[in-house]
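Read the structure below first, then the notes.
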Amino acid sequence: DTCGYVHALCELKCGIVIQRNELKHHEEKKCPLCVVECKHCKREFKLGSMIPHLRECPKMELPCKLKCGVVMCREDMTQHFNKDCGLVEESCKLGCGAKIKRIGLKFHE
């Protein structure tokens with residue numbers, strides 16, 4: 001059977017039956033059981049696990065949630081909010097109780 005239109009079962013055992021001429025593309029690019037590399041962290045995952053991984057990938061670059069303009073890896077986000085982001089509000093260190101964005105604190109105090 002060399003006819004490309006004959007149906008064949010995916011060899012990665014995802015259960016799909018597909019025309020033989022589409023099988024290679026399916027097994028390399030579309031099958032939820034094919035192994036792909038995360039472009040952010042370079043770890044390998046089954047394609048069907050990639051979307052959940054991307055929701056947590058520590059190396060995925062994201063913009064600051066406060067829209068300060070900085071783009072950083074997810075793993076650096078906490079440090080950014082704790083120390084670097086100028087749009088985080090802090091209390092006046094002199095005790096007046098004012099909440100001021102970090103970028104403006106030096107002008108307030």
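Just so it is clear, the structure is predicted and the values come from calculations on it, not from any experiment.
- Contact annotation: the side chain of Glu27 approaches that of Leu23 to within less than 4.5 Å [non-hydrogen atoms, C-beta and beyond].
- His7 places none of its side-chain heavy atoms less than 4.5 Å from the side chain of Arg20.
- How far SG of Cys34 is from CG of Leu47: 4.5 Å, rounded to the nearest 0.5 Å.
- Atom NZ of Lys42 has more than 12 heavy atoms from other residues, nucleotides or ligands within 6.0 Å.
- Taking NE2 from His53 and NZ from Lys46, the interatomic distance works out to 15.5 Å, rounded to the nearest 0.5 Å.
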Set out, in order, the CA-CA distance, both residues' side-chain angles and the distance that settles side-chain contact (heavy atoms from CB on, under 4.5 Å) for Cys85 and Lys65, then state yes or no. CA-CA 10 Å; Cys85 183; Lys65 292 178 185 176; over 6 Å; no
Between Lys93 and Glu90, does the salt bridge (charged side-chain N to carboxylate O under 4.0 Å, His left out) criterion hold? Intermediate values first, please. CA-CA 8 Å; Lys93 293 179 178 96; Glu90 292 186 352; 3.4 Å; yes
Start with the C-alpha gap between Phe81 and Leu66, add the side-chain angles, then the distance that decides, and say whether side-chain contact (heavy atoms from CB on, under 4.5 Å) holds. CA-CA 9 Å; Phe81 288 129; Leu66 297 179; 3.9 Å; yes
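- Taking the side chain as every heavy atom from C-beta outward, Leu12 and His26 never approach each other to under 4.5 Å.
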Could you go through His80 and Cys64, starting from their C-alpha distance and side-chain angles, then the distance that decides it, and tell me whether this counts as side-chain contact (heavy atoms from CB on, under 4.5 Å)? CA-CA 8 Å; His80 174 72; Cys64 172; 3.4 Å; yes
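- At least one side-chain heavy atom of Met50 sits less than 4.5 Å from a side-chain heavy atom of Val36.
- Side chain of Lys24 to main chain of Asn21: no donor-acceptor pair is present (N/O by atom type, distance under 3.5 Å, no hydrogens or angles).
- In this structure, Val71 and Leu62 have side chains that are not in contact, with every pair of non-hydrogen atoms separated by 4.5 Å or more.
- Among Cys10, Pro32, Cys31, the one residue that satisfies the side-chain contact (heavy atoms from CB on, under 4.5 Å) test with Ile16 is Cys10.
- Side-chain contact check for Cys68 versus Val70: some heavy-atom pair is nearer than 4.5 Å.
- Looking at Glu44, its side chain never comes within 3.5 Å of a backbone N or O of Cys38 through a donor-acceptor pair.
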Could you go through Glu22 and His25, starting from their C-alpha distance and side-chain angles, then the distance that decides it, and tell me whether this counts as side-chain contact (heavy atoms from CB on, under 4.5 Å)? CA-CA 6 Å; Glu22 297 175 6; His25 178 73; 5.6 Å; no
What verdict does the salt bridge (charged side-chain N to carboxylate O under 4.0 Å, His left out) test give for Arg102 and Glu89, after you've listed the backbone C-alpha separation in whole Å, the side-chain angles of each residue and the deciding distance to 0.1 Å? CA-CA 6 Å; Arg102 191 178 284 145; Glu89 286 191 348; over 6 Å; no
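- Panel note: side chain Arg74, backbone Lys59; no donor-acceptor pair is recorded below 3.5 Å.
- One finds no salt bridge joining Arg43 and Glu37 here, because no Lys/Arg side-chain nitrogen approaches an Asp/Glu carboxylate oxygen to under 4.0 Å.
- In this structure, CE in Met77 is found 4.5 Å from CE in Met72, a value given to the nearest 0.5 Å.
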